[in-house]
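Report on the structure given below.
Order of the sequence lines fixes the chain letters, A, B, ..., with proteins taken first and strands second; residue numbering starts at 1 for each chain.
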4 protein chains.
Amino acid sequence: MKRDKPKYKQIVDAAVIVIAENGYHQAQVSKIAKEAGVADGTIYLYFKNKEEILISVFREKMGDFVEIVKNAIKKEITATEKLYEMIDSHFRWLHGDRHLAIVTQLELRQSNKDLRYRINEVLKEYLVLLDSILKEGIEKGEFDEKIDIRLARQMVFGTIDETITSWVMNDQKYDLLKLAPEVHRLILNGMKS
Amino acid sequence: MKRDKPKYKQIVDAAVIVIAENGYHQAQVSKIAKEAGVADGTIYLYFKNKEEILISVFREKMGDFVEIVKNAIKKEITATEKLYEMIDSHFRWLHGDRHLAIVTQLELRQSNKDLRYRINEVLKEYLVLLDSILKEGIEKGEFDEKIDIRLARQMVFGTIDETITSWVMNDQKYDLLKLAPEVHRLILNGMKS
Amino acid sequence: MKRDKPKYKQIVDAAVIVIAENGYHQAQVSKIAKEAGVADGTIYLYFKNKEEILISVFREKMGDFVEIVKNAIKKEITATEKLYEMIDSHFRWLHGDRHLAIVTQLELRQSNKDLRYRINEVLKEYLVLLDSILKEGIEKGEFDEKIDIRLARQMVFGTIDETITSWVMNDQKYDLLKLAPEVHRLILNGMKS
Amino acid sequence: MKRDKPKYKQIVDAAVIVIAENGYHQAQVSKIAKEAGVADGTIYLYFKNKEEILISVFREKMGDFVEIVKNAIKKEITATEKLYEMIDSHFRWLHGDRHLAIVTQLELRQSNKDLRYRINEVLKEYLVLLDSILKEGIEKGEFDEKIDIRLARQMVFGTIDETITSWVMNDQKYDLLKLAPEVHRLILNGMKS
DNA sequence: AATGAATGAGGCTTCATTCAT
DNA sequence: TATGAATGAAGCCTCATTCAT
């Protein structure tokens, strides 16, 4: 509701900051309202309840991201290159917003089953994109035709996710972007024909 | 404290069941006490607070598991074989205790930052074991000497973890054990020299 | 204030409908505004606060009703006949507006002490009318001269009120109007000389 | 639950006092707890929620009262005498507990539809008792055989209720007990054969 | 060692009212 | 006059922990 109003975005952005700085369980609605510079009640003109704020955080940000990835891989020709762009833009995305990185990798995972289920719905779009790259690679003969798409997807996503989580848990001390080529190489080798 | 008393184990086992069946946020101390067949207050004779119960769940169970893996790989000669044994016994471990699988893959991740930090401490022993296999593989020339150990570890752990989580999220419908060879192959290819 | 403007009546009528359909506690100002086809803020150009709307509902409607009763009994000669007309027109009034019946018998009674006190002020006009009939009946020898006017009034009003409330609580299933003669007879007997 | 524990009664009694002194809408759980001399949370060991406290107030008190009436009319022989005892003990009951009188006549009526529905369930026992007296009176020829039991019940209850409410609204200034004979006479005349 | 009744802090949400336009 | 977006106070309930027995 009213997702195009400026305050909607204001509140979502405030939620990212508050969750990142205080943790999921300490992100009270009143803190988010204060950070957004609105009254507590105003939150409920834009979101049905607290859970909806959190869903929106993920949906808005992940939505932006899927667009970025789609654009990034559009320019590429081979599945191998597309895979590289996906890894690199995923890294670049969270590297560019340290608060968001904390939220997606650590805090949002503390949500309850229902919320995580709904987050997975949003994630699906990303995984579908990944699947299409994998299928293309197999068809073109770039990847081994014997690989199980589901397992390959889990390897790719699991590796990327684990790499980013480690980076966040180490306080984003080292340069995540530099890891992209090696992660790409590890993943690719696993699927080479 | 008093970890050798029978009630200690009774409470830890009760916690696994209660968390698996009710979810992390619905696992009240009183429920755990009831499942363990003791009074609420008794819990606090064995655990300083609720967080300690959850830590213990992970420490006790993961401790058992690390032992299992250590024994499993002892018999093997090559790093490649050891890696296979690690994957297979990891799958076998959680395949054999559906409650524990839910708890490690879904519920315990909803805990707060502090708790997850301490869980990672316990995980370290597992990761150290993994690192030693990777190093051995490189030294023996089984794996590519150019791979970054940290990244390789993240790929291996990320892939295994993501595979198990997917299996749990799909209600453990399909046979996890059958996936071990293919997961092994995917991972191995990524590191082959 | 501004009771003669068309929007005033519009809002009062909307309040009756909203309260009847949603219940007293679910009759938010915004719902009344919507039903009346005006903006929330407009309500406050015509009413000081929400309580004033509710008072007005009763005052306007009860005002109409007292006029109706006055006219109805004007034609009658004996106090006995006037009493019958009062009962019959009371029944007829609420029988003709099912929303209003719900509001006066059930919903408005959920208001707080202050509001109920002010409603009683409005009711007084009705009770004064009733008292005058009772006095007239005593003076004319139709009713027992020994009856306590206050108690008699309470019996008459209590009986009528309880009868209507029962009818509303039974979802207005049976014909209220048919009960008038018997209610009249019961009441009258109580006061006969 | 645990209705026989002393704290259950303690809380119910505290609720009567708090509601009478502050009004239904100002009777916060915390006030009731304070008046009862227990912690807020303790309330919830004895009552599922706030509504259950209010139901219990009525059920416990009305339950006591129905017993009193049953005992009072047991000694009487005629329906006429029984009716007098019912009126007199009803008056005597609320005359003896000014807080309870305010609660039953004014405050509890502000509750929402659900609560009032459940209160009516409790009231039913009283009305059944009243019906049995009326039937007995008709069978014995004390009351007119042509009267409609339902209407007669509404007259009796309506008159008693209205009389007590008036007394409470007038701050219990006059002596309610003295009104019993006249109320009895008014009611009785209405039903005499 | 064991019990379990009692404690009390803490947060999401609603909605009457305001006020800039 | 009319609007409607924004405000912010206020309360029910849960549950980890304690402590008298």
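In this structure, B:Lys34 places its NZ atom 16 Å from C1' of E:dT3, rounding to the nearest Å. Whole-Å rounding puts the C:Ile43 CD1 to F:dA2 P distance at 12 Å. Computed from coordinates, the C:Glu51 CD to E:dC15 C1' distance equals 16 Å when rounded to whole Å. Whole-Å rounding puts the C:Asn49 CG to E:dC15 P distance at 17 Å. To the nearest angstrom, P of E:dA16 lies 15 Å from CZ of C:Phe47. If you take OH of A:Tyr44 and P of E:dC15, they are 13 Å apart, rounded to a whole angstrom. Rounded to an integer number of Å, the gap from C:Lys48 NZ to E:dT17 C1' is 12 Å. Rounded to whole angstrom, the span from the CD1 atom of C:Ile32 across to the C1' atom of E:dC15 amounts to 12 Å.
Checking F:dG8 for Watson-Crick or G-U wobble geometry (two distances, each under 3.5 Å) identifies E:dC15 as its partner. Across all strands shown, the partner of E:dA9 is F:dT14, judged by Watson-Crick or G-U wobble contacts whose two distances both fall under 3.5 Å. F:dT21 is paired with E:dA2 under the Watson-Crick or G-U wobble criterion, all donor-acceptor distances under 3.5 Å.
Using a 4.5 Å heavy-atom threshold, the side chains of D:His99 and D:Glu21 count as touching. At least one side-chain heavy atom of D:Phe47 sits under 4.5 Å from a side-chain heavy atom of D:Val12.
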Interface polar pairs with nucleotides 9-11 of chain F, N/O, under 3.5 angstrom:
| residue | atom | partner | partner atom | Å |
| --- | --- | --- | --- | --- |
| F:dG11 | OP1 | D:Gln28 | NE2 | 2.6 |

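With 3.5 Å as the limit, one finds no donor-acceptor pair spanning the side chains of C:Glu107 and C:Asn22.
OP1 or OP2 of F:dA6 lies within a sub-4.0 Å distance of a side-chain N or O belonging to A:Tyr46. Between D:Lys7 and the phosphate of E:dA6, there is a side-chain N or O to OP1/OP2 separation shorter than 4.0 Å.
Checking B:Leu54, B:Leu108, B:Val57 one by one against B:Ile119, the side chain to side chain contact (heavy atoms under 4.5 Å, CB included) holds for a single residue, B:Leu108.
Salt-bridge formation is not detected for the pair D:Arg118/D:Glu121: no Lys NZ or Arg NE/NH1/NH2 atom is positioned less than 4.0 Å from an Asp or Glu carboxylate oxygen. The existence of a salt bridge linking C:Arg59 and C:Glu125 is excluded, since no basic side-chain nitrogen approaches an acidic carboxylate oxygen closer than 4.0 Å.
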Pair up each side-chain donor or acceptor in residues 23-39 of chain D with any protein partner under 3.5 Å, not counting sequence neighbours, and list the distances.
| residue | atom | partner | partner atom | Å |
| --- | --- | --- | --- | --- |
| D:His25 | NE2 | C:Gln110 | O | 3.4 |
| D:His25 | NE2 | D:Gln110 | OE1 | 3.4 |
| D:Gln26 | OE1 | D:Gln28 | NE2 | 3.3 |
| D:Gln28 | OE1 | D:Lys31 | NZ | 3.1 |
| D:Lys31 | NZ | D:Gln26 | O | 2.9 |

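Place A:Ser30 and B:Ala39 on DNA chain E by their nearest nucleotides, and B:Ala39 ends up nearer the 5' end. Of the two residues near DNA chain F, D:Ala27 and A:Gly37, the one whose nearest nucleotide lies more 5' is A:Gly37.
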